[in-house]
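The structure displayed is predicted, hence computed values, not measured ones. Reminder, nothing fancy here: chain letters follow the sequence lines and each chain counts from 1.
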Amino acid sequence: MGPFLETLIGGLMVGTLYALIAIGFVLIFKASGVFNFAQGAMVLFSALAMARFSTWIPGWLGMEPGLVGNLLAIVVTLALMVVVAWIIERLALRHLVNQEPIALLMATLGIAYLLDGLGPLIFGSQVYSINVGMPKDPVFILENTFQGGLMISLEDLYAAGIAALLVVALSLFFQKTKTGRALRAVADDHQAAQSIGIPLSRIWVIVWSVAGAVALVVGIIWGSKLGVQYSLSLVALKALPVVILGGLTSLPGAIVGGLIIGVGEKLSEVYLGPVIGGGIETWFAYALALCFLLVRPQGLFGDKIIDRV
Amino acid sequence: MFYRENGQFKSSYAADQQIFAVAQDRYAIWLIVALAFLVVPFVASDYTFQAVLIPFLIMALGALGLNILVGYCGQISLGTAAFMAVGAYAAYNLQARIDGMPLLLALIGGGLVAMVFGVVFGLPSLRIRGLYLAVATLAAQFFVDWLTTRAAWVTNHSSSGSVSAKPLAILGWQIDTPMEKYLLCLAILCVLALAAKNLVRSAIGREWMAMRDMDVAASVIGIRPMYAKLTAFAVSSFIVGIAGALWGFVHLGAWEPAAFSLDRSLQLLFMIIIGGLGSVVGSLFGAAFFVLLPLLLNQIPHWLGLPISTATATYLEHMIFGALIVFFLIVEPHGLAKLWSTARQKLRVWPFPH
């Protein structure tokens, strides 16, 4: 029972991190109908920027790296992500209004390539570390019930907390604010939204900025866990099955999907792996999402799309 | 002035239905093919064959296969490299396990196995479309990545995980110089490109395009979605599988799973976007573009006397590709092939603007 629970908890923790990335996808899809393949590249870009600024800024100002330095770096990186969002809207999205979803999807692939090249070019391509003071040591709980207790990483716990906060904040933003309503209107129908006076360009800048901010949060958490390196942009590929499973338009779906994928992945690795060969983590999530798609194409909480002739 | 078709009257259905209706086009194509077969082998250097021409031919074949699926049938695929890998490993296994397996049969066998694999992974396309399908094909990519690294029988229990092809020979013709390899790839590309061109002109090709343009309407007028989509997956993965087998056997010689990574899939997708979706010649343009641009990027700073590191060159390459894709999607969604046909149209009516 002990090892099972530990795997389960490990899976849940990883799942929250996947969910965080998935939120970035859902956010952009929900608010602009674009499936953003560049989310992974944005995570890498923001993490790189954050890692470098957190050492550069204290250097420029001549102070010790620490809390203030980190905060300044976060602010500067956020500003940078807003600029990136603005540039993306200006140079790409603005010209692709009302194109087919496939064209937009491929455009985001192009943006991903662009950011993947730009980030290392500006910020260098070594492995950097981000230190925002997240606790690294694992804690043990329920030591009386199980032998040796259950190991839980505090870092993951914090990450889970941050993910939960982020989801609540974003849900409120989407449901309760005027901008949130505008975002949902744009997602439903670009043209209709434009015709009732919603400024499409501003909405897109907002939503890509928010996605950039989410990417930064993910970048900081993953970056301080694994170090900032190229593989960070591949982590985002893990979030694709999550979004599919949860439904493209649902924030809670991203969370639930993330948890299911995280748990499924870890359990399959531990219990199925020895039977059919190790390392099945890489595709198991996809297989799971695929099987699910065949039964329920819109995902767990997604909007059902009905084709009419 | 030279490109004018007045006086060329079609007096039979056969004449009306030819692939290149304008006589000048026909001559130009024959000329290009003749040049490629008869002149290029004697003027190109070994380096040109290995670094430019062979990769170009094989990638063009891969792009052609993908273009049938994405450009003609509208089923987006991010797992092309997986189908290439299946073709390569299947051909390798056929050769390794069956004594005296002829090269051509092994290549075709690789294509057929890739075809079966493609149809299996195409099955989700019957229920889902667009973005969801992209994720489904990504599943194929990761599954094959895993299979080729983990399953020992795929690599015929090779200890290092990399496999190497046997010496290439067709009916006693030993293919060992770059020039002969080039001729082999060129011949295969010509045959398959002609077949593909004819397929997309035929009834089945029109069914694919109808599915792409509007699947609901297509099924209303009596096109079976299942048949149309799965044949597109089958033909596409057959061609892509052969391209993969060639990439492994002819270009690389010995390869490991990383040769068919997700990056390769994306590259092929970019090729057809830049070259032209839904166009056979566009696949060739896109592949040429993709093979030449990195070479140019390495050369230009060299000529200008600005040495840049290989890492910087790679990042620049990434950026330029990314920017170009967005640029093409905005400015010319039909890619280089469309530019080419516009230029041809202008020539036809020259010197008048319309």
- [ ] Check each atom of Ile273(B) against the heavy atoms of chain A and say whether the ones under 4.5 Å are side chain, backbone, both or neither.
- [x] side chain
Open item on the list: Let's go through Phe142(B) and Tyr286(A) carefully: what are the C-alpha distance in whole Å and the side-chain angles of both, what is the deciding distance for ring-ring contact (aromatic ring centres under 6.0 Å, His included) to 0.1 Å, and is it a yes or a no?
Closed with: CA-CA 8 Å; Phe142(B) 287 113; Tyr286(A) 280 90; 4.9 Å; yes
Task: Residue part contacting chain B, namely of Leu118(A), when any heavy atom lies under 4.5 Å - done: both
Open item on the list: On a heavy-atom basis, which atom in Val326(B) and which in Ala107(A) lie closest, and how many Å separate them?
Closed with: CG2-O, 3.7 Å
TODO: Please name the pair of heavy atoms, one in Leu290(A) and one in Ala139(B), separated by the smallest distance, quoted to 0.1 Å.
DONE: CD2-CB, 4.1 Å
- [ ] Any chance you could measure Trp283(A), atom CH2, to Leu147(B), atom CG, to the nearest 0.5 Å?
- [x] 9.0 Å
Task: Region of Leu115(A) in contact with chain B, defined by heavy-atom distances below 4.5 Å - done: neither
Task: Residue Phe37(A) versus chain B: region with a heavy atom under 4.5 Å - done: side chain
Task: Separation between CG of Leu114(A) and CD1 of Ile325(B), rounded to the nearest 0.5 Å - done: 9.5 Å
TODO: With a 4.5 Å cut-off on heavy-atom pairs, point out which of Ala289(A), Pro120(A), Ala287(A) contacts chain B the most.
DONE: Pro120(A)
Task: Heavy-atom side-chain proximity of Leu266(B) to Leu109(A) below 4.5 angstrom - done: yes
Task: Proximal component of Phe327(B), with respect to chain A [non-hydrogen, under 4.5 Å] - done: neither
Task: Per-residue contact mode, Leu277(B) against chain A (heavy atom under 4.5 angstrom) - done: side chain
Open item on the list: Under 4.5 Å from any heavy atom of chain A, what part of Leu262(B) do you find: side chain, backbone, both or neither?
Closed with: side chain
- [ ] Please name the pair of heavy atoms, one in Met319(B) and one in Leu121(A), separated by the smallest distance, quoted to 0.1 Å.
- [x] SD-CD2, 3.6 Å
Task: Part of Leu96(A) within contact of chain B (heavy atom distance under 4.5 Å) - done: side chain
- [ ] Identify which part of Leu78(B) has an atom lying under 4.5 Å from any heavy atom of chain A, answering side chain, backbone, both or neither.
- [x] side chain
Open item on the list: Is any side-chain heavy atom of Ile76(B) closer than 4.5 Å to one of Met106(A)?
Closed with: yes
- [ ] Heavy-atom distances under 4.5 Å only: say whether Leu324(B) touches chain A with side chain, backbone, both or neither.
- [x] neither
Open item on the list: Between Ile111(A) and chain B, with a heavy-atom cut-off of 4.5 Å, which part of the residue counts as in contact: side chain, backbone, both or neither?
Closed with: both
Task: Point-to-point distance, once rounded to the nearest 0.5 Å, from CD of Glu317(B) to OH of Tyr113(A) - done: 8.5 Å
